[in-house]
2 protein chains.
Amino acid sequence: MEKQTITIYDVAREASVSMATVSRVVNGNPNVKPATRKKVLEVIDRLDYRPNAVARGLASKKTTTVGVIIPDVTNMFFSSLARGIDDVATMYKYNIILANSDENSQKEVQVLNTLLAKQVDGLIYMGHEISDEVRAEFSRSKTPIVLAGSVDPDEQVGSVNIDYVEAVKAATTKLIEDGNKQVALITGPMRQPINGQYRLKGYKQALDAAGIAYDESLVFETEYSYNAGMAAFKQMQKIGATAAVVGDDELAVGVLDGAVDAGVSIPDDFELITSNNTKLTEMARPQLTSIDQPLYDIGAVAMRLLTKMMNKEDIDAKTVMLGFDITERNSTK
Amino acid sequence: MEKQTITIYDVAREASVSMATVSRVVNGNPNVKPATRKKVLEVIDRLDYRPNAVARGLASKKTTTVGVIIPDVTNMFFSSLARGIDDVATMYKYNIILANSDENSQKEVQVLNTLLAKQVDGLIYMGHEISDEVRAEFSRSKTPIVLAGSVDPDEQVGSVNIDYVEAVKAATTKLIEDGNKQVALITGPMRQPINGQYRLKGYKQALDAAGIAYDESLVFETEYSYNAGMAAFKQMQKIGATAAVVGDDELAVGVLDGAVDAGVSIPDDFELITSNNTKLTEMARPQLTSIDQPLYDIGAVAMRLLTKMMNKEDIDAKTVMLGFDITERNSTK
DNA sequence: CTGAAAGCGCTAACAG
DNA sequence: CTGTTAGCGCTTTCAG
């Protein structure tokens, strides 16, 4: 009365061969006489046999499943990465166990452990920052790990990114060249390396190169939300900023709408460059100029790198940097 | 020299008990003397033992993993559902294997089979339409299945939705009451039940109730994309429509921007109601009035329903309809 | 090219 | 309350 499963044993019996042989044909082992292979395949088809992946996993110690830790699937930035990950995973016959972490370190550790308990062959981690607890789990684990779109200051695991320093530097420089003297940087917590170490560094480099003094009050540390963007715009208006590099698209749309709602004309009176080039940049009015990170590719390359690691192939470089562009739209002159 | 795993047997030996006892404490079986439980827990902790979920799955025939088929994680509509699904899955100790299908029937069947091979305890399917091949797989499978945000005309499996007929009827009615004589309906393929059977029906009912004749040329069948929306607006302008009910938010933003770009004032000269109330509706300018489907809840309830089915609990109703609202913003008068 | 047999790590009766 | 004993369904030597 249960889901009466037909096993490899049933197939063996019906085909008058041993389970070993059935196993061989299922696994594409070439050491099987074409005739018997044909016979077995026919029985498999007739019985509608489907190998039990769990049993397979136990016996072979491979699950062809990788764990993916994502802050929030609902966030376009991460879901774009996830799509790239899943596509190449599928390409290499892996499945993905997706787990939302809300960037909560405790949840991350928790999820990490259940993923390892499920014997995933590899792990992809997304998130703006790696807490010490998570880092500890990483180094304790023998399972291959790759970070997608997040930086690992000590390069213990693989990672795929763009050069955030250069990207922000380029964006800031463009704004300066457009004639802006007061360019703001609006982004997430400086505690997170991508902001505190990379974006801020690129921003300062651009300022330096243009001979403009760094003004701390032009740097806004905020959460990545639409409302935070609207609030940030008000602040900027107060201190006279005329342009901004923004670290997140939703945040940038907030800044944009804050300006529009305040009757400030973009890009004439205020210029804006955002960072992720998600669909939002095209849907906003005016459309947003953006650093163009190849999100899908970052995910895809991360997964590809992971397949190599799981396969124990030689890796040229554990840390890969993909190129970026700046896509100019109508929020800049 | 592989990842030297410590097994339940190691724990048993170290704690001087049988593996059965270790298994009992790991599984919270109350039939263990507190003292021995304590001893075992201590050893587990000391050895850093982590039960192998694959072996567990093979022995118990439960994987505490459910398969989730999603057209595209990158689509806010579906990712919102997915978030609801994952949250309640986590709540009930399940993990999610997420697979993108691109609404491609062949891929769906393929994915369905690998998911079943991995012995998932249940399945959640998202997608606008269920092909005959997929339907066939559904009925062939003994694994519990729930549809989230998609309708199943023959109710073979569980499903969670809102009443699309009523929702579109309400939206259309509002537009008519605002004085529009030419209300368009812009949505996906009529082949898909949600459009052809439900939305169209609700649209016609509203027209009927208002004594307005149905005009086929006011119904647009298109893909769910920003560009399709811009194109649709041009069409509508040609035939003199003054309002539209749109089946997808990204599509609606396209319509909106098409209007804005053409210098048409919204809502004065054209009114718009969209369907999914994703963040996009708030980021657009003017902000979009929308049918408010509780996306997260649909996902959450679908997963909850699935847990009941996996648990063989009694279900009051396999098909559940959640309520909806219409959130008025600035694309309607 | 094929079969026999020993596990993989854990759960689940069944005794006691 | 605890231990023994079969498996779960498949992979993988090891012979032949």
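To find a chain, count down the sequence lines: A is the first, B the second, and so on, and within it residues start at 1.
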Worksheet entry | Integer-rounded Å distance: dG7(D) P and Tyr9(A) OH | 13 Å
Worksheet item: Any side-chain N or O of Ser18(A) under 4.0 Å from OP1/OP2 of dG3(C)?
Response: yes
Fill in: Candidate nucleotides dT2(C), dG9(D), dC10(C), ranked by approach to the side chain of Leu58(A) - the nearest
dG9(D)
Worksheet item: Just how far is it from atom OG1 of Thr65(A) to atom NZ of Lys93(A), taken to the nearest 0.5 Å?
Response: 14.0 Å
Worksheet item: For the side chain to side chain contact (heavy atoms under 4.5 Å, CB included) test, which of Ser101(B), Ser150(B), Pro71(B) pairs with Tyr125(B)?
Response: Ser150(B)
Practice prompt. Identify which nucleotide among dT13(D), dC1(D), dG9(D) has an atom closest to any side-chain atom of Arg24(A), counting heavy atoms from C-beta outward.
Written response: dT13(D)
Worksheet entry | Among dT11(D), dT11(C), dT2(C), the one nearest Ser23(A) by side-chain distance | dT11(D)
Practice prompt. Report the nucleotide, chosen from dT2(D), dA4(C), dC10(D), that has the shortest atom-to-atom distance to any side-chain atom of Ala20(A).
Written response: dA4(C)
Practice prompt. Under 4.0 Å between any heavy atoms, over every strand shown, what does Val54(A) touch: base, sugar-phosphate, or nothing? Just pick one.
Written response: nothing
Practice prompt. Look at the side chain of Thr36(B) and decide which nucleotide, out of dT2(D), dG3(C), dG9(C), has an atom nearest to it.
Written response: dT2(D)
Worksheet entry | Spacing of CZ belonging to Arg135(B) relative to CD1 belonging to Ile130(B), to within rounding of 0.5 Å | 5.5 Å
Worksheet item: dC8(D) phosphate, OP1 or OP2: any side-chain N/O from Ser60(B) under 4.0 angstrom?
Response: no
Practice prompt. Enter the distance from Asn161(B):CG to Leu322(B):CG here, rounded to the nearest 0.5 Å.
Written response: 8.0 Å
Worksheet entry | Length of the line joining Leu47(B):CG and dG9(C):C1', which is rounded to integer Å | 15 Å
Worksheet entry | Separation of atom CG in Asp10(B) from atom P in dC8(C), rounded to whole Å | 11 Å
Discussion item. What's Asn52(B) touching, base or sugar-phosphate or nothing? Going by heavy atoms closer than 4.0 Å.
Written reply: sugar-phosphate
Discussion item. Below the 4.0 Å mark, does dT11(D) have OP1 or OP2 next to a side-chain nitrogen or oxygen of Asn27(A)?
Written reply: yes
Worksheet item: What is the distance from CZ of Arg13(A) to P of dT2(C), rounded to the nearest Å?
Response: 20 Å
Practice prompt. Could you tell me whether the phosphate oxygens of dG9(C), OP1 or OP2, come under 4.0 Å of any side-chain nitrogen or oxygen in Lys61(A)?
Written response: yes
Worksheet item: Is the closest side-chain donor-acceptor distance between Ser16(B) and Lys39(B) under 3.5 Å?
Response: no
Worksheet item: So, is Thr21(A) near the phosphate of dG3(C), with a side-chain N or O under 4.0 Å from OP1 or OP2?
Response: yes
Fill in: Touch class at under 4.0 angstrom, heavy-atom based, for Val22(A) against every strand present
nothing
Worksheet item: Closest nucleotide of DNA chain C for Met19(A) versus for Pro34(A): which of these residues is on the 5' side?
Response: Pro34(A)
Worksheet item: Any idea which of dG9(D), dC10(C), dT2(D) is nearest the Thr5(A) side chain?
Response: dG9(D)
Item to complete: Please determine if a side-chain N or O atom of Tyr49(A) lies less than 4.0 Å away from the OP1 or OP2 oxygen of dC10(D).
Response: yes
